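See structure below.
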Protein chains: 2
Amino acid sequence: MKKLINNPDNVVKEALQGMQAAHGDILKVNFEPAFITRKNPKKGVAIVSGGGSGHEPMHGGFVGLGMLDAACPGAVFTSPTPDQMEAATKAVDAGKGVIHLVKNYTGDIMNFQMAADMCASDNIKVETVVIDDDVAVKDSLYTAGRRGVGSTVLTEKIIGASAERGDDLTTVVKWANYCKDNGRSMGMALTSCTLPSVGKPIFEIGDDEIEMGVGIHGEPGRERMKLKSANELVDMMIEPVLSDTGLKNGDEVILMLNGMGGTPLIELYLLYNRAVETAGKKGIKVVRSLVGNYITSLEMQGFSVTTLKANSDILKLWDAPVHTAGLRWGV
Amino acid sequence: MKKLINNPDNVVKEALQGMQAAHGDILKVNFEPAFITRKNPKKGVAIVSGGGSGHEPMHGGFVGLGMLDAACPGAVFTSPTPDQMEAATKAVDAGKGVIHLVKNYTGDIMNFQMAADMCASDNIKVETVVIDDDVAVKDSLYTAGRRGVGSTVLTEKIIGASAERGDDLTTVVKWANYCKDNGRSMGMALTSCTLPSVGKPIFEIGDDEIEMGVGIHGEPGRERMKLKSANELVDMMIEPVLSDTGLKNGDEVILMLNGMGGTPLIELYLLYNRAVETAGKKGIKVVRSLVGNYITSLEMQGFSVTTLKANSDILKLWDAPVHTAGLRWGV
């Protein structure tokens with residue numbers, strides 16, 4: 001295993017120390033239990049997310065003005081524990097209700113549910129929204145139903161802006177459900193990745209093979225196939241993503257072309273170009289975009305596409321200022 | 001070769017099309033010859049940089065308000081041509097002089113010199129500043145003297161802010177020379193990378209080996225050695241970087257912990273944490289930072305550290321608004 005680490009057991013802790021050192025103007029890391037909050041807490045509805053580490057900048061990199069109030073990092077590719085989620089929720093609750101934004105994995109669902117129950121007994125009102133946007137497969141390793149992937153990033157931005165401007169719990173939940181219903185993703189991998197604690201790749205893949213529809217933990221996708229051209233790959237992914245929510249001629253979308261962690265930016269731009277073209281041929285216009293590493297799988301090479309149907313309300317929320325380690329504009 | 005491309009000959013062009021599609025609010029791509037300018041040109045001193053592609057977001061990702069006026073992308077790991085540089089220079093010259101910011105590689109030096117000569121005959125005043133910040137080796141493949149690497153990113157931010165606020169050519173050149181004199185870097189690689197046009201790794205490296213002091217084109221460094229802990233690696237790199245410019249107890253620096261393109265962000269934060277600690281033990285305080293992929297080598301795994309000695313003038317320039325694809329704050 002070739003990794004830039006000290007001890008596999010300390011990777012998450014030392015990375016959190018680095019985040020604290022680099023972004024002390026934005027966030028505050030609590031270590032026992034581990035959660036990240038804003039340096040300057042806001043009033044109003046609070047948003048808490050979390051999940052296994054190894055997907056950085058998600059979620060800790062999205063804590064800050066206009067996005068999350070708290071994030072709970074688990075061990076690498078492992079759900080955080082209910083006590084992390086409970087402590088984070090208590091830390092950011094301002095009496096207006098808290099949203100738990102959860103990606104659809106069995107461990108995350110179970111632990112966030114326990115945390116919500118624990119918070120309820122402390123009279124904190126918690127609403128849970130589960131993101132399950134991955135069109136690649138129905139059930140998967142670690143998941144009943146669709147997996148939660150890239151839409152989570154866009155949802156955190158949209159509902160973070162809603163909460164930031166003072167919307168009430170019902171309204172913020174409404175936008176979360178809009179994103180749940182209208183965001184879709186699909187990913188693929190050229191290479192596997194290695195958990196520090198395991199020391200060998202989580203799956204084997206041939207020199208001329210790809211995993212089409214891979215999950216962010218290396219879960220199997222739709223098909224193990226031979227490597228194809230970038231254009232063919234993009235088209236194989238963007239078409240099910242667009243069609244799954246019935247997007248049609250004249251619709252507008254926010255498009256994220258996301259790297260899995262080990263893909264060069266030059267390739268992501270090339271892929272993005274094709275995604276915009278292919279969407280355009282269907283009459284679907286890309287009106288906002290992200291190109292880069294936003295939801296990753298350690299050093300995996302590959303990419304994912306995510307679209308969220310846009311409208312003037314959504315674009316207003318999207319364009320609102322955001323100041324986090326991973327996403328920043330307008331401030 | 002496992003890459004997300006269509007035709008090796010079209011990688012740069014298609015990536016530029018993607019940049020245009022993603023960042024049309026910031027920049028404009030000219031294709032024949034290839035250069036990138038701001039969508040909204042500014043008056044005053046203009047700054048032009050460029051170099052081989054494959055190091056994204058550098059340089060095209062740094063075109064925009066508060067940074068570059070133009071960037072010239074060459075073929076992957078290949079200097080752009082004099083006609084690209086001449087056309088870019090003419091496109092952004094506003095009569096107040098143009099700075100060519102050049103990384104110290106023989107091809108870049110030669111081609112930028114030819115371009116400067118061509119511009120001189122058109123009565124455009126061009127000043128050239130060569131960045132040569134890599135402390136790893138004295139001479140190298142493609143380079144006489146030290147290589148130009150990470151300091152280039154910090155220099156583009158600093159002098160971009162100087163030009164943006166209306167400083168004259170002499171002043172902007174002064175800040176460029178400050179950065180040249182006070183910025184230092186060193187890199188290392190866990191893995192090699194593959195040029196699309198070649199199809200095999202540019203160097204071979206064992207499963208337990210690293211290249212300490214690697215260049216951004218995979219040039220040999222100081223030593224091929226066995227993999228060490230993250231802390232040992234950071235210390236081996238940060239110490240020569242800090243000592244080369246005589247930084248001492250009480251000094252302040254801007255620190256960039258840069259990924260080579262294929263390194264997970266979780267590892268970069270872990271490395272950053274150690275870099276801040278080790279600098280701190282020498283009494284050197286990190287007052288600003290960048291952690292992420294800013295000057296890359298395709299899909300290479302590895303990292304580099306760059307420091308720039310800070311003072312109140314430099315921090316004022318650093319903190320000024322910037323709006324580019326790769327770096328954004330304050331706007």
Side-chain angles (χ1 to χ4, degrees), chain A residues 2-7 10-12 14-23 53-54 56-57 61 76 190-191 193 207-208 210 227 229-231 233 257 261-274 276-277 286 289-291 293 296 298-299 301-303 323 325 328-331, chain B residues 2-7 10-12 14-23 53-54 56-57 61 76 190-191 193 207-208 210 227 229-231 233 257 261-274 276-277 286 289-291 293 296 298-299 301-303 323 325 328-331:
Chain A
K2 243 178 178 178
K3 285 192 177 289
L4 297 163
I5 63 175
N6 294 301
N7 178 333
N10 297 339
V11 170
V12 172
E14 291 174 20
L16 288 173
Q17 289 170 334
M19 282 203 77
Q20 178 69 69
H23 306 297
S53 293
E56 289 69 22
V76 175
L190 290 180
T191 63
C193 62
D207 282 346
D208 59 348
I210 63 165
L227 179 60
S229 74
N231 287 353
L233 295 171
L257 197 305
T263 308
L265 192 51
I266 193 171
E267 295 180 13
L268 298 183
Y269 277 119
L270 180 156
L271 296 160
Y272 176 77
N273 188 52
R274 178 64 172 195
V276 172
E277 279 179 3
V286 176
S289 64
L290 292 178
V291 183
N293 292 301
T296 61
L298 296 169
E299 71 280 9
Q301 289 181 36
F303 73 104
H323 185 183
R328 182 174 182 179
W329 57 71
V331 61
Chain B
K2 242 178 179 179
K3 285 191 177 292
L4 297 163
I5 63 174
N6 294 301
N7 178 333
N10 297 340
V11 170
V12 172
E14 291 174 20
L16 288 173
Q17 289 170 334
M19 283 203 76
Q20 178 68 70
H23 306 298
S53 293
E56 290 70 22
V76 176
L190 291 180
T191 64
C193 61
D207 282 346
D208 59 348
I210 62 165
L227 179 61
S229 74
N231 286 354
L233 294 171
L257 197 306
T263 308
L265 192 52
I266 192 170
E267 295 180 14
L268 298 183
Y269 277 119
L270 180 156
L271 296 160
Y272 176 78
N273 188 52
R274 178 65 172 195
V276 172
E277 280 179 3
V286 176
S289 64
L290 293 177
V291 183
N293 293 300
T296 61
L298 296 169
E299 71 280 8
Q301 288 181 35
F303 73 104
H323 184 183
R328 182 173 183 178
W329 57 71
V331 60

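Predicted, not measured: the structure shown is a model, and the values here were computed from it. The chains referred to below are lettered A, B, ... by the order of the sequence lines, with proteins before strands, and numbering in each begins at 1.
- When the shell of 6.0 Å around CG of B:Asp207 is examined, it contains 12 or fewer heavy atoms from other residues, nucleotides or ligands.
- For the atom pair CD (B:Gln17) and CG (A:Leu270), the distance works out to 8.5 Å, reported to the nearest 0.5 Å.
- Interface remark: B:His323 contributes no atoms to any contact with chain A (heavy atom separation under 4.5 Å).
- The distance from atom CG of A:Leu233 to atom CG of B:Leu4, rounded to the nearest 0.5 Å, is 6.5 Å.
- For the set A:Gly262, A:Gly302, A:Gly61, the entry with the most heavy-atom pairs within less than 4.5 Å of chain B is A:Gly262.
- Remark: B:Glu277 CD to A:Glu14 CD distance equals 8.5 Å, nearest 0.5 Å.
- In this structure, chain B has heavy atoms under 4.5 Å from both the backbone and the side chain of A:Val11.
- Of all the listed residues (A:Ala21, A:Ala230, A:Cys193, A:Gly261), the one sharing the greatest number of non-hydrogen pairs under 4.5 Å with chain B is A:Ala230.
- Interface residue B:Leu190: backbone and side-chain heavy atoms are both found under 4.5 Å from chain A.
- For the set B:Gly54, B:Gly330, B:Ser289, the entry with the most heavy-atom pairs within less than 4.5 Å of chain A is B:Gly330.
- Atom-to-atom distance recorded for A:Asn273:CG and B:Met19:CE is 12.0 Å, nearest 0.5 angstrom.
- Interface remark: B:Asn293 contributes side-chain atoms only to the contact with chain A (heavy atom separation under 4.5 Å).
- Closest non-hydrogen pair, B:Ala22 versus A:Val291, comes out as CB-CG2, 3.9 Å.
- Residue with the most contacts toward chain B among A:Asn7, A:Leu271, A:Val276: A:Leu271 (heavy-atom pairs, distance under 4.5 Å).
- For the set B:Leu16, B:Leu268, B:Val331, the count of heavy-atom pairs under 4.5 angstrom toward chain A peaks at B:Val331.
- A donor-acceptor pair is defined here as one N or O able to donate and one able to accept, closer than 3.5 Å; such a pair exists between the side chain of B:Asn6 and the backbone of A:Asn231.
- Of the residues considered (B:His23, B:Gln20, B:Glu56, B:Arg274), B:Glu56 shows the highest number of contacts with chain A, using heavy-atom pairs under 4.5 Å.
- Closest non-hydrogen pair, A:Ala325 versus B:Tyr269, comes out as CB-OH, 3.9 Å.
- Minimum interatomic distance between B:Ile266 and A:Ser53 (heavy atoms only, all atoms of both residues): CD1-CB, 4.1 Å.
- The shortest distance between side-chain heavy atoms of A:Gln301 and B:Lys2 does not fall below 4.5 Å.
- Residue B:Leu298 holds its CG atom at 11.5 Å from OG1 of A:Thr263, rounded to the nearest 0.5 Å.
- Taking the side chain as every heavy atom from C-beta outward, B:Thr296 and A:Pro264 never approach each other to under 4.5 Å.
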